[in-house]
Amino acid sequence: MKNRHYSWNNLKQLADYFGLDALGVTDTNLTNDNKKLQHWLESGHHGTMHYMARHGLKRTEPKNLQPNTVRIISVRMNYLHLEQNTAHHWRTQAWADIKNPNQGYVSLYARGRDYHKVFKKKLAAFAKALHQEIGELTYRVCVDSAPILEVSLAEKAGLGWRGKHTLLINREAGSMFFLGEILTDYLFDLTPNTTAHCGKCQACIDICPTQAIIAPYWLDARKCISYLTIEHQGAIPIEFRKAIGNRIYGCDDCQLICPWNKFAKTHAHSDFKAQDQWLGQSLIALMQWNEAQFLQHTEGSAIGRIGFERWQRNVAVALGNGSANELALQVLRKQRQLATSLVKEHIDWAIHTLTSSENL
């Protein structure tokens with residue numbers, strides 16, 4: 001354990017230099033989360049995210065991830081690109097995109113380059129610079145890459161409070177940001193936590209298309225559109241397909257409706273600028289991608305992580321929720337010829353839904 005003093009001002013200035021938007025420091029004690037995590041897992045609300053159950057309560061013991069860890073630096077990086085927040089119209093545009101049945105909606109955080117790589121690279125550079133300034137220092141950098149309760153740690157570090165949708169909210173910055181951590185053996189000064197400011201508001205609970213937020217601060221991932229379109233590897237349950245609408249990767253509704261996101265901050269990092277293939281793309285065009293095109297368009301993107309099969313599954317469901325027309329049916333039938341059994345099931349559902357429509 002190192003306890004030579006390194007001031008908060010120095011820590012903050014160094015984070016600013018590396019383009020990190022905010023940070024706080026906490027200890028490793030997460031015992032208050034044990035019971036809730038265990039209940040969540042025992043209730044099966046993690047769905048098919050078997051890695052959650054595999055690590056279990058180890059997530060509440062971050063000191064075991066890196067020997068001699070005594071402090072965790074929790075870091076925030078905004079992902080709304082500067083161009084997205086012009087005149088604060090980004091939410092209006094997002095709602096309009098969600099309501100357009102003929103184009104695919106990709107969650108705002110995923111429209112740029114893969115944040116795992118972009119953020120982790122910055123965080124690693126920051127940690128390396130800390131090492132050089134302080135001297136002997138051991139650390140581990142995490143960006144959604146280790147069994148760790150990042151929201152709980154960020155809340156303890158004072159970066160915000162857990163909203164009723166279970167995401168972190170910051171009073172000055174909303175919730176449109178990524179979280180990362182540096183686990184270290186250096187005894188940095190702790191930063192104070194903050195109070196919650198959701199009050200009686202439950203807009204996020206009411207707006208959820210699948211009612212996945214089954215109680216304040218409690219998410220049943222099995223119903224969540226982000227889980228269903230990204231994490232879930234099998235068939236999307238029929239009872240949720242209509243509610244998915246045109247969302248082909250993730251869901252932003254609970255954040256779009258949150259009053260605190262009128263304060264959402266932007267980032268000028270070019271890697272977070274939305275790429276053209278995720279803006280206003282017709283579902284018919286997206287359904288016609290072959291695997292090579294999918295790999296080409298998702299190179300360097302977090303979207304590529306779901307693979308071509310899940311991509312086709314998601315787009316097929318969205319097409320089934322779109323406008324009934326002959327071209328959509330032709331494309332679905334053509335893609336069905338070479339599709340996997342999983343994708344065929346969703347294409348068949350889409351075709352049945354469209355041909356049952358009075359719009360034809």
Ignoring hydrogens and angles, tell me if any N or O in the side chain of [X] forms a donor-acceptor pair with the backbone of [Y] under 3.5 Å.
X: T229; Y: I248; answer: no
X: E291; Y: F308; answer: no
X: T184; Y: T138; answer: yes
X: D253; Y: C251; answer: no
X: S74; Y: G24; answer: no
X: N170; Y: L159; answer: yes
X: Q293; Y: N290; answer: yes
X: R140; Y: L65; answer: yes
X: T298; Y: S301; answer: no
X: N68; Y: D185; answer: no

D97 and Q103 side chains, donor-acceptor separation under 3.5 Å: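 Yes, side-chain donor-acceptor contact under 3.5 Å.
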Is the closest side-chain donor-acceptor distance between N261 and S175 under 3.5 Å?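 Yes.
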Which distance, rounded to the nearest 0.5 Å, do you find between the [atom1] of [X] and the [atom2] of [Y]?
X: F18; Y: M77; atom1: CZ; atom2: CE; answer: 12.0 Å
X: N321; Y: N246; atom1: CG; atom2: CG; answer: 8.5 Å
X: W311; Y: Y249; atom1: CH2; atom2: OH; answer: 10.0 Å

In plain terms, say whether [X] and [Y] are close enough for a salt bridge, that is, a side-chain N and a carboxylate O under 4.0 Å apart.
X: K156; Y: D27; value: yes
X: R222; Y: E239; value: no
X: D16; Y: K12; value: yes
X: R247; Y: D252; value: no

Can you confirm whether F177 sits close enough to L179 that some side-chain heavy atom of one is under 4.5 Å from a side-chain heavy atom of the other?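 Contact flag for F177/L179 side chains = yes.
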Report yes if some heavy atom in the side chain of W278 is under 4.5 Å from a heavy atom in the side chain of I303; otherwise report no.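 Answer yes - side chains close enough.
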Would you kindly check if the NZ (Lys) or CZ (Arg) of R111 is within the cone defined by 45 degrees around the ring axis of Y105 and under 6.0 Å from the six-membered ring centre?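 Relative to the ring axis of Y105, which defines the angle, R111 lies inside both limits.
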Does R71 make a cation-pi contact with F188, if we ask for NZ or CZ under 6.0 Å from the ring centre and within 45° of the axis?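 No, R71 and F188 do not form such a contact.
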Step by step, would you call R113 with S270 a side chain to side chain donor-acceptor pair (under 3.5 Å)? CA-CA 9 Å; R113 293 187 61 79; S270 59; over 6 Å; no
Answer yes or no: does atom CD of Q288 have more than 12 heavy-atom neighbours from other residues, nucleotides or ligands under 6.0 Å?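 Yes.
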With a sphere of 6.0 Å drawn around OH of Y217, does it hold more than 12 non-hydrogen atoms of other residues, nucleotides or ligands?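 Atom OH in Y217 is crowded, with more than 12 foreign heavy atoms closer than 6.0 Å.
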ILVMFWY cluster, L338 and I351 together (side-chain gap under 4.5 Å):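 Different clusters: L338 never reaches I351 through Ile, Leu, Val, Met, Phe, Trp or Tyr contacts under 4.5 Å.
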Tell me whether I98 is reachable from I230 by hopping between hydrophobic residues (I, L, V, M, F, W, Y) whose side-chain heavy atoms are closer than 4.5 Å.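 Shared cluster, yes.
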Give me the ring orientation class for W289 and H297: parallel if the planes are under 30° apart, tilted from 30 to 60°, perpendicular past 60°.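 Because their plane-to-plane angle is under 30°, the rings of W289 and H297 count as parallel.
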Kindly give the heavy-atom pair with the smallest separation between D21 and N78, and that separation in Å.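 Where D21 meets N78 most closely, the heavy atoms are OD2-N, 2.7 Å.
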